[in-house]
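Residue numbering restarts at 1 for every chain, and letters A, B, ... go by the order of the sequence lines. Hydrogens, waters and symmetry mates are skipped; everything else that's a heavy atom, side chains included, is used.
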Protein chains: 2
Amino acid sequence: MQNNVRKFREQLGLTQKQLGELVVVSRQAINAIETGKFDPSIWLAYDLARFFGVSIDTLFFFKEEDRR
Amino acid sequence: MQNNVRKFREQLGLTQKQLGELVVVSRQAINAIETGKFDPSIWLAYDLARFFGVSIDTLFFFKEEDRR
DNA sequence: CCTCCATGTCAAGTAAACATGACACAACGG
DNA sequence: CCGTTGTGTCATGTTTACTTGACATGGAGG
């Protein structure tokens, strides 16, 4: 699933580790989401969107072609 | 996690089974979500919100107290 | 009374979202 | 050179979202 977590994260000058600590997940989880390895849970999607101050749909792109 | 899936579903006069078929999950999954037994995946949340024509946040309530 | 039908729930299994720990590598500054 | 930092990735394990199949119950209708 595509998203612009990385874009928002870099705009704030944060590392994956730092963002992970802020939303309380591992840095591997942040990395896996940024690189599209797996989709976030609804709570993590909410936490990330809320942290960046945007909606879930502006942070994550629900495209039919990359549905599991 | 609280939500008003049931409210929207009943407004459309649908059964859990019918809604499950429409969003392609089992009726037990619909039931479990309505009764708060587990949280939907981000895709199912998206599918349900989209089906009802509302946003994810109007369908699901992210309250800290019922976080897992 | 009988029979659907909708709902609730349980048991057992699978898949995916995480965690943790480890290793590789490139970029940078000392 | 070297040590650190950020990122990518792997292996292993746990938890949870979801499946199928089953059974119980209550309400509505014949």
> When you match Ile33(B) and Gln28(B) each to their closest nucleotide on DNA chain D, which lands nearer the 5' end?
Replying inline: Ile33(B)
> To the nearest Å, how far apart are Lys17(A) NZ and dT5(D) P?
Replying inline: 9 Å
>> With a cut-off of less than 4.0 Å, is there a side-chain N or O of Lys37(B) near OP1 or OP2 of dC10(C)?
In response: yes
> Among dT7(D), dT7(C), dA17(D), which is the nearest nucleotide to the side chain of Gln16(B)?
Replying inline: dT7(C)
>> On DNA chain C, does the nearest nucleotide to Leu14(B) precede the nearest nucleotide to Arg27(A) from the 5' side, or the other way round? Give the residue.
In response: Leu14(B)
>> Please report the distance, rounded to the nearest Å, between CG in Asp39(A) and P in dC18(D).
In response: 12 Å
> Base, sugar-phosphate alone, or nothing: which one does Ser41(B) contact when heavy atoms must sit under 4.0 Å apart?
Replying inline: sugar-phosphate
>> Which nucleotide wins on minimum distance to the side chain of Thr15(A), given the candidates dA17(C), dT7(D), dC18(C)?
In response: dT7(D)
> Between dA17(D) atom C1' and Phe38(A) atom CZ, what is the distance in whole Å?
Replying inline: 15 Å
>> Whole angstroms only, please: what is the CD-P distance between Glu34(B) and dT7(C)?
In response: 8 Å
> So, is Arg68(B) close to the dA17(D) phosphate, meaning a side-chain N or O under 4.0 Å from OP1 or OP2?
Replying inline: yes
>> Would you say Asn31(A) places a side-chain N or O within less than 4.0 Å of OP1 or OP2 belonging to dG8(D)?
In response: yes
> Short question: side chain of Thr58(A), backbone of Val54(A) - any donor-acceptor pair under 3.5 Å?
Replying inline: no
> Can we say Asp57(B) and Arg50(A) salt-bridge, meaning some charged N sits less than 4.0 Å from an Asp/Glu carboxylate O?
Replying inline: no
>> Less than 4.0 angstrom from a charged side-chain N to a carboxylate O is my criterion; do Asp47(B) and Arg67(A) meet it?
In response: yes
>> Looking at Ser26(A), I'd like to know whether one of its side-chain N or O atoms comes within less than 4.0 Å of OP1 or OP2 on dT20(C).
In response: no
> Is it true that a side-chain atom of Asn3(A) and a backbone atom of Ile33(A) form a donor plus acceptor pair closer than 3.5 Å?
Replying inline: yes
>> For dG6(D) and Arg6(A) - does any side-chain N or O of the residue sit under 4.0 Å from the phosphate oxygens OP1/OP2?
In response: no
>> Output the rounded distance in Å from CG (Leu44(A)) to C1' (dA16(C)).
In response: 14 Å
> For the pair made of CG in Leu19(B) and C1' in dA6(C), what is the distance, rounded to whole Å?
Replying inline: 14 Å
> Can you check the Ile42(B) CD1 to dA15(C) P distance for me, whole Å?
Replying inline: 22 Å
> Using 4.0 Å as the upper bound for N to carboxylate O, is an ion pair formed by Glu34(A) and Arg9(A)?
Replying inline: yes
> Whole Å only: how far is the CD atom of Gln18(B) from the P atom of dC5(C)?
Replying inline: 12 Å
